[in-house]
Amino acid sequence: MALLEIVHFPAPVLRKKTKLIIDFSDPKLAPLISDMAETMYDAPGVGLAANQIGLSLRLAVIDVDWKEEEGQKNLRVFINPILLEKSEDISFEEGCLSLPSLTAQTKRFNKVTVQYQDLKGTKKTLSAEGLLAVALQHETDHLDGKLYIDRLSSLKKELLIKKFKKLKEERKSSG
Ligand code: NI
């Protein structure tokens, strides 16, 4: 198990549509998922897409139930996820490990149905709502080369990018 480096905005890999995983017999797949999960918990975050660690693969890990104090984990792995249905508008305070220290209100759907494959390649369907539904939209966006800031008005997006650049400069100058 190893911690992986999380790629930050504006890395080009975050803007590329990821490739479908076809080879489910690849022995590197399970260790990759473990490393992604470890990296997500360490960050900490509720989700991580493969292109956030620099791999253009249609794979994401999510855990919306994790409570560090209780040590209780509920890791969900989504290989080749596609959103089939979306309903009920909600507004959500969203952040992203590739844009650290920032959040913004986004418009999302409260309910989604996702089709995906598990580690064995078996096709599955899951209906989710609330935080899990939002996390699924956030991660499938990542896998399509989109970021939550793309869901904001162009003015808000610009402000957030400015803030991000400023934070980055501050981090640099403080060593
Ligand atoms: Ni993200």
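Indexing begins at 1, ligand by ligand and atom by atom, following the structure's order. Since we're looking at a predicted model, the values are computed, not measured.
Judged by the 6.0 Å distance and 45° axis criteria, K73 is positioned over the aromatic ring of Y41.
The structure places CD of E94 at 3.5 Å from OG1 of T106, a figure rounded to the nearest 0.5 Å. Distance check: S56 OG to K17 NZ gives 10.5 Å after rounding to the nearest 0.5 Å.
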Task: Audit row: H8, K168, side-chain contact (heavy atoms from CB on, under 4.5 Å) steps and yes/no - done: CA-CA 10 Å; H8 289 173; K168 210 170 145 187; over 6 Å; no
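Between K28 and D35 there is no salt bridge, since no side-chain nitrogen of the basic residue lies less than 4.0 Å from a carboxylate oxygen of the acidic one. The residues R58 and D144 are annotated as salt-bridged, a charged nitrogen and a carboxylate oxygen being separated by less than 4.0 angstrom.
Closer than 2.8 Å to the Ni ion (ligand 1) sit the protein N, O or S atoms C96 SG, H138 NE2, H142 NE2.
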